[in-house]
Structures are given as structure tokens and as C-alpha cells.
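Provided herewith is a single structure, encoded as C-alpha cells, for subsequent inquiry.
Note: hydrogens, waters and symmetry copies are ignored here, and every other heavy atom, side chains too, is used. Each chain gets a letter, A, B and so on, in the order the sequences are listed, and its residues count up from 1. Predicted model, so just to flag it, every value in this text is computed and none were measured.
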2 protein chains.
Amino acid sequence: MTAATSVPADPHSPADQHGPAAKPRRRVGRPAAAVLDQDGITAAALQLIGKSGYEGFTMAALARTLNVAPSALYNHVSSKRDVLVLVQDHLTSFVDVAAFEAGPWEQAVRDWAWSYRDVFSKHTPLIPVIAVLPVTDAPKTLAMYEAVSAGFSRAGFPQERIIPAIVAFESFIFGSAYDVTAPADIFDSGTMAASTPHFTSAVQRLAEDSHDKPADVAFSLGLEALLAGLGALRAA
Amino acid sequence: MTAATSVPADPHSPADQHGPAAKPRRRVGRPAAAVLDQDGITAAALQLIGKSGYEGFTMAALARTLNVAPSALYNHVSSKRDVLVLVQDHLTSFVDVAAFEAGPWEQAVRDWAWSYRDVFSKHTPLIPVIAVLPVTDAPKTLAMYEAVSAGFSRAGFPQERIIPAIVAFESFIFGSAYDVTAPADIFDSGTMAASTPHFTSAVQRLAEDSHDKPADVAFSLGLEALLAGLGALRAA
DNA sequence: CCACTAAATGAATGCCGTTCATTTAGAATG
DNA sequence: CATTCTAAATGAACGGCATTCATTTAGTGG
């Protein structure tokens with residue numbers, strides 16, 4: 001069975017802590033050597049991914065950065081997927097939910113959505129993991145949902161619409177995170193341009209008019225539409 | 001180098017053709033034996049995925065269903081990713097764009113979006129492939145974009161907003177496709193329920209009130225919001 | 001009948017995640 | 001201090017995977 005994380009997560013962790021974190025690890029009294037633990041593995045994994053990307057992220061490579069044999073990792077983690085879950089949950093603490101506590105709902109959602117997209121556009125291989133991961137396995141992610149839900153509730157959303165609305169935003173965010181990684185010439189129709197006149201001219205006009213990054217234009221457009229449409233669900 | 005598909009795609013293929021398709025394959029005059037070709041590989045791949053899922057989809061398994069050695073596949077395809085591209089492009093022909101030719105814009109987008117989501121919710125491992133794939137490598141996908149672009153243009157969208165609007169819809173669709181595959185208990189906060197009161201009560205209220213599938217509720221909500229918000233961009 | 005070539009073969013390669021019997025070294029116990 | 005217990009690290013395996021390549025096979029045009 002995969003357990004992911006053990007401690008109850010303490011939801012008031014202000015932002016994050018990089019580098020070697022505290023190591024309680026004190027069950028009853030046993031060897032306190034412990035070269036490895038989940039926080040250390042998570043930090044090393046994040047650093048390795050930053051340096052080598054997800055292609056270079058292997059259990060062997062991770063073990064090497066920790067000066068340990070690959071098999072040693074399996075004393076603290078039950079699979080590679082488990083490591084990805086730890087990384088995902090850690091990254092979620094970089095998502096900005098601060099404005100949900102006080103500010104107006106629209107701006108809170110904007111801050112949240114943009115930061116959420118930016119964090120995971122650099123980690124798209126995690127999206128398939130997040131999307132089907134029970135919140136129980138990711139305490140910091142659960143804390144994010146609590147902050148967002150509280151904000152929606154405070155803004156006057158009817159209870160039964162809160163989760164669907166959040167899911168709709170999130171779906172858009174995940175899809176948009178992929179879009180950020182698309183190559184610049186993804187819409188170049190090449191030799192087939194002649195047979196796709198409407199599409200080709202639309203692509204050209206976008207390239208001429210806009211000076212911003214295409215992914216940002218599309219994200220802004222969709223986000224504002226969702227804000228307007230879903231914001232209308234609020235009670236007076 | 002990956003070439004994906006060779007023929008220029010003829011954009012008026014009405015819907016699709018299952019089973020063994022036509023085999024031009026006629027460069028100058030050579031052995032016409034040809035046990036294998038891209039269409040056959042695509043059809044076999046789709047069938048294998050349907051039967052064994054993406055975990056069971058290996059080059060060896062694919063070769064076995066075609067009664068061929070695994071290495072034989074590489075005479076027609078340059079990598080496993082290439083096969084996925086072929087499958088993705090084929091699946092795109094199942095997406096419904098018919099209403100863009102005549103009907104009202106809103107309903108056309110609805111038909112398109114729901115069918116698009118339904119097709120790829122059964123093929124989420126293809127989403128990372130689609131999202132960064134140059135349209136040149138996927139002729140049927142390009143044909144879909146042409147139909148959709150034409151519909152947006154006909155509906156009065158300003159040229160420079162057509163692509164961003166389509167991308168926004170698509171991002172939402174891809175994200176929502178993942179959502180369909182999420183386990184039913186994904187939002188069960190378990191032992192941490194006490195520390196996440198707003199979230200927990202919102203989840204509970206949704207479960208009580210709604211009889212529809214949660215993924216469908218969220219998709220409908222988001223889609224209608226995007227329709228309203230983006231539809232407003234049209235010229236009178 | 002010969003020469004040519006696209007296509008199929010099967011063995012080999014290298015990388016991967018994961019398992020497991022075994023060893024190591026601190027902590028608690030008396 | 002010696003004994004015992006155990007979490008943690010080790011290194012050699014294993015099976016599966018995509019991909020490569022020298023070689024063979026079998027139609028076709030000349």
C-alpha cells in the first residue's frame with residue numbers, strides 16, 4: 001500500500017522550507033542514524049527534476065544525489081509514483097491562496113489560478129498524478145482546497161456549487177499548464193495551409209496582433225470568462 | 001526524425017474508416033507484399049488499447065496482435081510515440097464538428113466540446129502528446145481545427161481572438177477529460193475532515209444534492225460559463 | 001535469370017523500477 | 001559492558017521495456 005505522507009500536515013505552514021528540514025523520526029527509541037527520510041527525498045527529487053527534467057528523473061539518479069543505493073529509497077517510499085506524489089504535494093504549497101482570506105473573490109481566484117498554472121506548467125508530468133489523487137494522500141493539497149473552499153463560501157457561493165466550480169477552474173488550469181509547454185510553431189500548418197484557410201488566417205492574425213505569449217492570452221481570456229460566468233452563481 | 005504520417009491527408013475524409021483501409025504504397029514499383037502499414041498499425045493499436053489499456057500497450061504486444069516481430073514495426077513507424085500520434089489523430093476524427101457548418105455557434109461548441117471530452121477521457125495518456133504536437137504531424141486534427149475556426153469566424157469572432165478562444169476551450173476540455181477518470185472518493189478527506197470544515201461540508205452538500213456524475217456537473221458548469229464569456233467577444 | 005530493394009527477422013543492448021536475502025550500526029535492556 | 005533488537009542500507013539479482021542492427025526473405029523491374 002502507498003501511504004505518501006505520514007504527519008498530519010499542519011495547515012499553517014507559511015510557505016515552504018527548502019533544504020534539509022527537521023527530522024523528528026522518534027518512534028520509541030531506535031537507531032537515530034537515518035540518512036534518509038521523506039522530506040529529504042522530496043527536496044532531492046525537486047532539485048533533481050529542476051536540474052535534469054523528468055526524463056532524467058530516475059530512482060537511480062535520485063539515489064545518487066543522496067549518496068545512497070537505489071534500493072534504500074524503498075525503505076521510505078513505496079514506489080516512484082509515491083515520490084511524485086510527495087513532490088506534487090510540496091509544490092502545491094507554492095500556490096498562492098492568501099487572497100482568499102480577505103480580498104475580493106475575483107482577485108483571489110486570479111492570484112490562485114495564475115500561480116497554480118505557473119507552478120505546474122513546469123511540472124506537467126505531475127498533472128496525471130494530481131488529477132486522480134485522493135486528497136487524503138496529499139495534506140498540503142487538501143489545505144489548499146480548504147482555503148479555496150472557504151473563500152468561495154465567504155463570497156456567497158451556494159454550498160452545492162462550490163466543488164463543481166473549483167473543479168471547473170482546476171480543469172482549465174491543468175489544461176492551460178500543458179499549453180504553456182507547447183512549441184511556438186505548434187499551429188504552423190506548413191504545406192497544408194492552402195487547404196485550411198480559416199485556421200491559417202486566424203493563426204496569422206494572432207501572430208501579427210499580439211505581442212504577449214499566446215498561452216498567456218488564451219489563459220487570460222478563458223479565466224476572465226470563467227470568472228464572469230461562475231461569479232454569477234454567488235448570492236447577492 | 002519522426003515523420004508521423006506521410007500522405008497529405010485529404011481534408012474531406014467524411015468521418016473515418018475502420019478496419020483495413022486502402023493501401024496506396026506505390027512509390028515506383030517494388031515488392032507489393034507489405035504485411036504492415038500505418039493504417040493497419042493504427043487500427044491494431046486502437047484495438048489493443050481498448051482491450052488492454054495503456055499499461056498493456058507495448059510495442060511487443062502490438063506486434064503480437066499483428067503476427068509480426070516487434071522490430072518490424074520500426075519499418076513503418078519511428079517510435080512508440082509515433083504510434084500514439086497516429087492513434088491520437090485517428091481518434092480526433094470521432095470528435096463532432098458537424099454543427100459548425102450550419103447550426104448556431106453555442107450549440108456547435110457544446111457538441112464539439114462534449115464529444116471531444118468524451119473521446120479523450122478514455123485516452124488521457126494521449127493528452128500530453130496532443131498538447132504539444134505540431135498540427136503538421138496530425139492531418140485529421142488540423143482538419144478539426146479548420147472546421148472549428150471556420151465556425152468561429154462565421155459566428156462573428158474577430159480574427160485575432162479565434163485561436164486564443166479555441167485554445168481556452170481546449171484547455172478546459174483536456175483538464176476535464178482527466179477529471180472524468182478520477183476515483184469517486186477523490187474528495188473524501190478522511191481523518192482530516194475536522195481540520196477542513198469548509199471543504200468537507202461543500203463535498204458533502206454536493207454528494208447529497210446532485211444525482212449526476214460530479215465530472216459532468218463541473219464540465220457543464222464550466223462550459224456554459226466559457227460559452228457565455230467568450231461568446232460575448234462576437235461582433236453583432 | 002539477375003539485381004535491386006522494401007520489409008521482416010531475431011538476437012542483443014541498455015535502461016528502468018522493483019525485490020530480497022543479507023549486513024550494518026545505533027539504542028534499549030539487564 | 002554485553003546482549004538483543006530493529007530500522008535502515010546494501011548489492012546482486014529480475015523481468016520488462018523500447019530500440020538497434022546485421023542478416024535474411026521475397027517480390028519486381030530490367
Are any non-hydrogen side-chain atoms of Tyr178(B) and Ser171(A) less than 4.5 angstrom apart?
no
Starting from the first five and the last five pairs of the helix from dC1(C)-dG30(D) to dG30(C)-dC1(D), work out the angle between the resulting helix axes, to 10 degrees.
0°
Are Ile166(A) and Phe152(A) packed together at the side-chain level, in the sense that at least one heavy-atom pair is separated by less than 4.5 angstrom?
yes
For the pair Ser115(A) (side chain) and Trp112(A) (backbone), establish whether a donor and an acceptor sit closer than 3.5 Å, ignoring hydrogens and angles.
yes
Suppose we call a contact any N or O donor and acceptor under 3.5 Å apart; does that hold for the side chain of Asn75(A) and the base of dA7(D)?
no
Residues forming a side chain to side chain donor-acceptor pair (under 3.5 Å) with Glu146(A), sequence neighbours excluded:
His198(B)
Consider only side-chain N and O atoms of Thr200(B) and Ser189(B), and report whether a donor and an acceptor are under 3.5 Å apart.
yes
List the protein contact pattern of nucleotides 11-18 of chain D with one symbol per nucleotide (5' to 3'): B for base contact, S for sugar-phosphate-only contact, - for none; contact means a heavy-atom distance under 4.0 Å.
B-----SS
Gln38(A)/Thr42(A) under side-chain hydrogen bond (donor to acceptor under 3.5 Å, both in side chains): CA gap, chis, key distance, verdict
CA-CA 6 Å; Gln38(A) 288 199 339; Thr42(A) 306; over 6 Å; no
What is the distance, rounded to the nearest whole Å, between atom OH of Tyr54(A) and atom C1' of dC16(C)?
18 Å
May I ask you to verify if any side-chain N or O of His76(A) is less than 4.0 angstrom from the OP1 or OP2 atom of dA9(D)?
yes
Rounding to an integer number of Å, can you tell me how far Leu36(A) CG sits from dT24(C) C1'?
15 Å
On a heavy-atom basis, which atom in Thr136(B) and which in Asp188(A) lie closest, and how many Å separate them?
OG1-O, 2.8 Å
From CG of Leu73(B) over to C1' of dT20(D), roughly how many Å is that when rounded to an integer?
14 Å
Ignoring hydrogens and geometry, is there a side-chain-to-backbone donor-acceptor pair from Ser52(B) to Ile49(B) under 3.5 Å?
no
